[in-house]
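First comes the structure, then the notes that go with it.
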Amino acid sequence: MTSIAIVGAGPHLGLAIARTFGSHGFDVALISRNRTRLHDLVGTLAAEDITAAAFPADVLDREALTQALKRAATHFGGIDVLEYSPLGEPDSTTLTTPADTDPSHVQQELEFQLYGAVTATRAVLPAMREAGTGTLLFTTSARSVDPQPPTANINAAAAALRNWAINLHKELAGTGTQAAHVGIDATIGTPTFYGQARVTADQIARVHWDLHATHRDQAEHIFRG
């Protein structure tokens, strides 16, 4: 049985990715810091005959994240796909313009986006390389490519993650393990920003599936709706 670990699993994109991969026979490991939300997601997926399990962890706690992924691998007999897309809580996320950005504003986002992704990758990649197969998918806003002044600190960290993910794709070429970045230039079920299209999470989740199943030579997909 194949499995996917979704880091930052939530009721929108995370659930859509779980459903998409689950409909293709994948077991689903759900990882986030919100235990109640994870419990609800497991129940939702179970009602749809998708096997899922919760592994609570905060991406800012590197040891906890590593252990959660190890527990998931033990539970499901391995992790075949890693999808990383944690989303900060609005009431705890600081937004700064370029001129108002302090190094600490960027550091927090680097911890959340880049360092969390690196930690998660280190937990699953050795087994993938040994098996000669696997997929690593890293999701950010398309502001990682086309930044906007109101969210400069977040954009900078997302750009760092994008750079690292594409470079990882290059390193892994020919090994059987795929790494790719998904940049979302759209909003999911909310009023649009910067003229972005309004889309469903299911539409974006299909991009993740295609990068895993059919476009394994592709390092990046910018989704614009």
Side-chain angles (χ1 to χ4, degrees), residues 1-89 111-113 115-140 161 165 176-180 182 188 200-202 204-213:
M1 183 65 71
T2 50
S3 64
I4 180 172
I6 302 173
V7 179
H12 302 296
L13 182 58
L15 178 58
I17 293 171
R19 282 172 166 155
T20 298
F21 279 78
S23 69
H24 287 87
F26 276 67
D27 292 333
V28 181
L30 301 168
I31 299 173
S32 82
R33 61 185 176 183
N34 190 318
R35 293 174 179 270
T36 301
R37 181 181 296 168
L38 288 179
H39 176 78
D40 292 343
L41 292 175
V42 169
T44 297
L45 292 168
E48 300 173 16
D49 294 323
I50 296 173
T51 300
F55 302 90
D58 188 334
V59 299
L60 296 175
D61 184 335
R62 296 177 201 171
E63 181 60 23
L65 177 56
T66 298
Q67 291 305 316
L69 285 162
K70 288 183 176 180
R71 290 196 305 274
T74 299
H75 184 83
F76 287 123
I79 298 297
D80 301 279
V81 179
L82 170 73
E83 194 281 324
Y84 187 87
S85 56
L87 184 64
E89 297 294 339
E111 292 278 355
F112 189 71
Q113 297 195 58
Y115 301 162
V118 171
T119 298
T121 299
R122 287 176 62 84
V124 301
L125 181 56
M128 290 181 179
R129 299 189 83 162
E130 183 176 353
T133 186
T135 302
L136 304 157
L137 301 172
F138 306 95
T139 307
T140 72
L161 173 53
T177 301
Q178 152 76 326
V182 178
I188 303 173
T200 66
D202 290 336
I204 300 172
R206 285 195 289 273
V207 171
H208 292 77
W209 174 256
D210 288 343
L211 285 169
H212 163 71

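- Between the CG atom of Leu136 and the CD1 atom of Ile79 there is a distance of 11.0 Å, given to the nearest 0.5 Å.
- Shown here for Leu161 and Ala117, the closest heavy-atom pair between the two residues is CD1-CB, 3.5 Å.
- In this structure, Ala29 and Ala72 approach most closely via the heavy-atom pair CB-CB, 3.7 Å.
- In this structure, the side chains of Thr2 and Phe21 stay at 4.5 Å or more apart for every pair of heavy atoms.
- In this structure, CD1 on Ile4 lies 11.5 Å from NE2 on His24, to the nearest 0.5 angstrom.
- Atom CG of residue Leu41 and atom OG1 of residue Thr36 lie 11.0 Å apart, to the nearest 0.5 angstrom.
- A 4.5 Å side-chain heavy-atom check between Phe26 and Trp209 finds at least one atom pair inside the cut-off.
- Partners of Ala165 under the side-chain contact (heavy atoms from CB on, under 4.5 Å) rule, at least two apart in sequence or in another chain, are Phe138, His181.
- Residues passing the side-chain contact (heavy atoms from CB on, under 4.5 Å) test with Arg122, sequence neighbours excluded: Val118.
- Residues Leu30 and Leu45 are in side-chain contact: their nearest non-hydrogen atoms beyond the backbone lie under 4.5 Å apart.
- Distance check, rounded to the nearest 0.5 Å: CD of Gln178 to CE of Met128 gives 11.0 Å.
- In this structure, the separation between OG1 on Thr20 and CD1 on Ile50 is 8.5 Å, given to the nearest 0.5 Å.
- A side-chain contact (heavy atoms from CB on, under 4.5 Å) with Tyr84 holds for exactly one of Val182, Val59, Thr139; it is Val59.
- Here the shortest heavy-atom pairing between Arg71 and Pro56 reads NH2-O, 3.7 Å.
- A donor-acceptor distance shorter than 3.5 angstrom exists from the side chain of Asp80 to the backbone of Ser3, with no hydrogens or angles considered.
- Inter-residue side-chain proximity for Thr135 and His208 is flagged as unmet; no heavy-atom pair is nearer than 4.5 Å.
- Atoms CG and CG, on Leu137 and Leu82 in that order, are 7.5 Å from each other to the nearest 0.5 Å.
- The two residues Leu38 and Ala9 have their closest heavy-atom pair at CD2-CB, 4.4 Å.
- The two residues Gly14 and Ile6 come nearest to each other via the heavy atoms O-CD1, 3.6 Å.
- Of all heavy-atom pairs between Ala57 and Ile31, the closest is CB-CG2, 4.1 Å.
- Proximity of Phe55 to His75: side-chain heavy atoms (C-beta onward) are separated by under 4.5 Å at one or more points.
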